[in-house]
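A short write-up of the structure that comes next.
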Amino acid sequence: MAHQVNNIDFRRHLDRSFWSVTLVLAVISVILVVLIAIWPINGTLAVAATSDYGIDALFKFMLFVATPIFVFVNGYVVYFARRYKHRSDEPADAVGIPLYGVVPLEIWWTVIPVFLMVVLGVWSAVTLFSLYKPQAGALNVEAIGHQWKFELRYPGLKSSFYGDFYLPVNRPVTMNITSADVIHSFWVPQFRVKLDMVPGMVQQLHFTPTEVGSYPLICTEFCGIGHGDMRTTVHVVSQADYAKWFSGTQQKVAQAAAAAGSLNLTAGDAAKGQAVFEQKCSVCHSMAAFAQKKVGPGLQNILSDPAHPKLVDGSAATPESVAHIIQNGYSGDIGVMPNAQANGLSSSDVSNLVAYLKSQSK
Amino acid sequence: MSTDTIEILRRADKPIHPAPESFIKKYIFSVDHKVVGIQYFIVSGLMILLSGLFAEAIRVQLTGPHNTFLTPQQFDEAFTFHGTLMVWFGAIPLVTGAFGNFVMPLQIGARDVAFPWLNMFSFWTFPPAVLILLSSLAFGAPNAGWTEYPPVSLQAGVGIVFWTTAVFTVGIGATLTALNFLTTVIKMRAPGMTFTRMPLFVWASAVTAVLSLVATTALASALGSLFLSHVFNVPFYDPTRGGTVVLFQHMFWFYSHPAVYILIIPVFGIVSEIIPTFARKPIFGYKLIAYSTVSIALLSFMVWAHHMFTSGLGPWVTMPFMILSMLIAVPTGIKIFSWTATLFGSNLRLTTAMLFVLGFLSTFTIGGITGVMLASVPVDWHEHATYFLVAHIHYVLFGGTLMGVLGGIYYWWPKVTGRLMSEKLGKWHFWLTFIFFNATFLPMHFVGLLGMPRRVAYYDPAFHGLNLFISISAFLLAGAFLLLFANAFWSLKKGPAAGPNPWGARTLEWMISSPPPHYNFKEIPEVYATPYGYGEPLPYSAPYDQVSTTPTY
């Protein structure tokens with residue numbers, strides 16, 4: 001194509017009117033960018049944790065870059081549409097200038113966006129890696145998604161609980177999140193963190209709550225008909241209030257466990273335990289050597305085999321530690337086992353199962 | 001059909017298939033690409049309407065934070081059907097099956113697509129798929145959203161089996177159409193039409209065909225695994241039996257990310273045709289627009305995991321996906337800037353089609369900007385799966401795809417029907433659509449950023465005011481579409497005759513009568529240059545160089 005760009009014709013349109021509009025658009029862009037710069041995002045949506053890690057600053061940077069692009073595209077579209085609109089006194093077959101392209105301009109609007117995207121990419125990557133950095137002395141909390149509630153486990157609490165929970169202010173937190181059934185998501189908008197709770201997988205969120213207050217914990221991944229109501233509250237409180245809440249919860253959890261029937265491992269019935277094993281456990285476990293894996297490991301001789309590896313929670317296999325795993329479930333590198341509640345096991349089922357496992361450990 | 005046969009049919013002065021005589025051969029089981037295109041247009045148009053009704057049902061529910069208009073179960077079915085119908089049964093068949101079929105062969109000076117019978121077959125996979133999908137409503141509809149992530153999707157009843165079967169079936173048609181289009185563009189172009197002389201809509205159709213052809217197989221695996229999981233209890237997605245739930249997301253998005261470009265690239269083509277026609281000047285940077293389409297397509301295969309930044313992939317996996325996703329903004333930006341630059345020094349005709357394209361430039365730019373925001377992993381952690389994401393996808397697919405498609409409808413309607421639409425009614429339609437589109441979807445960004453997740457039947461009462469505003473705007477947006485139907489009916493009954501080239505365009509479809517005759521071109525034209533040289537003689541062999549390019553509407 002030997003099309004000759006008529007440069008005189010094209011320059012003629014870069015007149016006073018064009019440059020004044022360009023100037024106006026530039027001024028509008030600058031004003032908007034300044035307004036964005038002084039806009040406290042914190043005032044619109046509070047930031048209550050360090051996990052912000054500059055997420056808001058990144059968001060602002062993107063608004064800075066986006067604003068001139070938006071203003072200039074829209075501004076020029078409106079300006080060109082008004083300026084070059086076909087007038088009724090022009091002939092019907094009037095045409096525009098034969099401008100097929102301006103190579104330097106095309107190079108600029110390729111190179112500048114590449115540069116901006118690289119800056120944005122590098123900045124985002126640096127922020128990204130800081131999100132994955134665990135902090136020293138972090139409080140390890142486990143959050144498990146269920147249809148349709150959040151289960152929380154704290155170190156030092158004998159069993160888990162559902163619903164509202166508390167975090168001490170200014171202490172790093174590592175949230176270990178997973179799910180017992182379908183994919184859920186863990187989102188506290190004021191913490192600016194969100195990760196999916198994926199069954200069969202444990203993910204960690206690292207953040208330090210910095211502002212005392214109550215914030216919503218929201219499930220954002222569609223999880224069935226209860227999804228819209230799957231939310232709870234996370235309370236960020238002072239160290240003293242946290243200690244008070246923790247000991248109160250300790251008592252409540254203990255009372256609830258007592259009410260549910262205490263576990264009496266000496267009263268277990270091996271025959272009944274076998275029936276429960278065949279009905280519930282044998283889907284995943286065989287009564288064979290440890291290495292005879294179905295989904296979970298084989299369980300024969302679990303209490304007597306000196307070669308048997310330590311239990312998945314690191315403890316040696318004792319009736320108590322085995323009972324603990326049956327009750328609380330397991331989620332980790334060798335798989336996922338639902339807890340007693342999810343498996344429909346009562347306290348007496350657990351003690352019967354332990355008795356059965358004992359009887360199979362020769 | 002061997003290459004030789006195609007060559008012979010292309011050059012010989014005889015039809016690729018004889019003119020049909022019976023009603024059934026002419027209108028039902030037609031092998032004519034124009035009829036197939038119209039069939040696709042009607043069915044996918046109906047699907048978009050149905051999908052729109054589901055969307056309005058969603059908005060009625062969300063007029064109140066704890067509304068009882070729909071049960072949560074019905075609400076979940078409504079957004080599942082809205083998304084499924086819109087993506088696979090509405091927009092994709094519309095931009096490929098309808099626009100691609102009708103316009104692309106005409107623009108390359110061909111008498112039909114390469115495999116006319118296969119084209120008819122592709123279309124006829126579509127109505128059965130629709131029936132399968134809709135019949136699931138009677139047996140327990142699928143309800144986990146158009147993405148149908150397991151395990152939650154597997155908890156539903158038999159509906160998921162209907163859903164996978166229906167989408168699979170429509171995928172067969174899409175794959176065959178892609179194969180057909182690609183062969184057509186490669187083998188059936190008029191003599192002299194080199195790749196760099198092709199109209200930009202043809203570029204777009206060819207690139208889209210490559211995307212469909214490659215990506216749909218991944219979708220088939222995703223659907224197949226879901227089907228097997230539900231019907232035969234295969235534990236692909238059951239972690240207690242060694243499955244991995246995230247695997248589905250990889251397969252699904254390996255298709256569905258390119259699918260986003262299957263939805264938008266043909267619209268880039270439509271926009272690139274409409275702008276030079278009404279600006280009355282050559283498109284700015286033809287080659288850069290064409291090559292940026294190709295680079296978008298290549299990049300689109302390498303960014304699927306940006307839909308999964310919260311799924312637990314880890315920083316070393318998400319980082320490259322993030323940077324590649326951001327780079328897509330570069331070729332997309334090139335297009336936006338080139339289109340805007342085409343308006344510079346133009347002699348602009350502000351027809352309805354052109355107004356929709358200018359609207360597209362404005363709204364699609366916003367969709368592109370929010371896309372970059374979502375591509376940055378840390379920011380995505382806050383925004384993912386909220387109404388911000390809903391706003392983004394609607395700025396891209398409604399403000400982008402649908403806005404461009406509406407422009408395309410107003411643009412090619414005279415060619416298809418031989419009659420003009422009312423410009424006055426059309427302009428009303430545009431302004432109402434543009435205003436209420438923004439009123440509906442702009443506030444969604446804010447409710448999302450402030451903490452409203454998507455796919456919820458109930459929400460925090462703090463968001464009530466904004467949601468009510470969004471819902472009312474959505475009803476008015478739907479109302480605006482009545483003007484389009486009124487315009488279409490008026491045009492079919494009373495519209496003035498269009499003549500071959502009412503807009504004074506220069507691509508080949510405007511060089512023949514409206515509607516085009518059965519064989520399209522009595523003689524196959526020879527092509528000497530790109531079609532966009534406004535102000536110069538037409539670059540075609542006689543008699544096509546004699547057509548008037550003076551607008552007559």
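All chains are named by letter (A, B, ...) in the order of the sequence lines, taking the proteins before the strands, and each is independently numbered beginning at 1. Since the structure is predicted, the reported quantities are computational estimates derived from the model, not experimental observations. Any value given below was found using the heavy atoms of this structure, including those in side chains, with hydrogens, waters and symmetry copies removed.
- Heavy-atom proximity under 4.5 angstrom to chain B picks out A:A81, A:Y84, A:K85, A:H86, A:E90, A:P91 from residues 81-91 of chain A.
- Contact count versus chain A (heavy atoms, under 4.5 Å) is highest, among B:P72, B:P151, B:P150, for B:P151.
- Put simply, of B:S325, B:A385, B:P378, the one with the most heavy-atom pairs under 4.5 Å next to chain A is B:P378.
- Residues B:W339 and B:F360 place their aromatic rings such that the two centres sit under 6.0 Å apart.
- Proximity to chain A is limited to the side chain of B:A329, based on heavy atoms less than 4.5 angstrom apart.
- The side chain to side chain contact (heavy atoms under 4.5 Å, CB included) test applied to A:I107 returns A:V103, A:V111, not counting sequence neighbours.
- By the 6.0 Å and 45° rule, B:R454 does not stack over the aromatic ring of A:F222.
- Residue contact with chain A, scored on non-hydrogen atoms closer than 4.5 Å, involves the backbone and the side chain of B:M373 alike.
- At least one side-chain heavy atom of B:H382 sits less than 4.5 Å from a side-chain heavy atom of A:P189.
- Under the 4.5 Å side-chain criterion, counting only non-hydrogen atoms from C-beta, A:W19 is in contact with A:L14.
- Neither the backbone nor the side chain of A:Y79 comes within less than 4.5 Å of any heavy atom of chain B.
- Neither the backbone nor the side chain of A:I112 has a heavy atom closer than 4.5 Å to any heavy atom of chain B.
- With a 4.5 angstrom heavy-atom cutoff, B:L350 touches chain A only via side-chain atoms.
- Heavy atoms of B:D238 lying under 4.5 Å from chain A are absent altogether.
- Among residues two or more places apart in sequence or in another chain, the side chain to side chain contact (heavy atoms under 4.5 Å, CB included) test is passed with A:A92 by B:T550.
- With a 4.5 angstrom heavy-atom cutoff, B:M308 does not touch chain A via any of its atoms.
- Considering only residues two or more places apart in sequence or on other chains, B:N67 meets the side chain to side chain donor-acceptor pair (under 3.5 Å) condition with B:T63.
- Between B:H445 and B:F388, the two ring planes are perpendicular [angle over 60°; tilted spans 30° to 60°].
- Contact check on A:D56 versus A:R192 returns a salt bridge, with a Lys/Arg side-chain nitrogen under 4.0 Å from an Asp/Glu carboxylate oxygen.
- In this structure, chain B has heavy atoms under 4.5 Å from both the backbone and the side chain of A:F59.
- Here the options are A:Y132, A:Y215, A:F191, the test is ring pair (Phe, Tyr, Trp, His ring centres under 6.0 Å), and the partner is A:F207; only A:F191 passes.
- Checked options A:E221, A:H184, A:Q203, A:H146; the residue passing with A:M197 is A:H184 (criterion: side chain to side chain contact (heavy atoms under 4.5 Å, CB included)).
- When heavy atoms are compared at a cutoff of 4.5 Å, B:T365 approaches chain A solely by way of its side chain, counted from C-beta outward.
- Looking at B:F309, the atoms closer than 4.5 Å to chain A (heavy atoms on both sides) all sit in the backbone: N, CA, C or O.
- Heavy atoms of B:V379 lying under 4.5 Å from chain A belong to its backbone as well as its side chain.
- Heavy atoms closer than 4.5 Å to chain A are found in the side chain of B:I369, but not in its backbone.
- Both the sub-6.0 Å distance and the 45° axial angle are satisfied by A:K194 relative to the ring of A:W187.
- In terms of heavy-atom pairs under 4.5 angstrom with chain B, the leader among A:D181, A:L116, A:L195 is A:L195.
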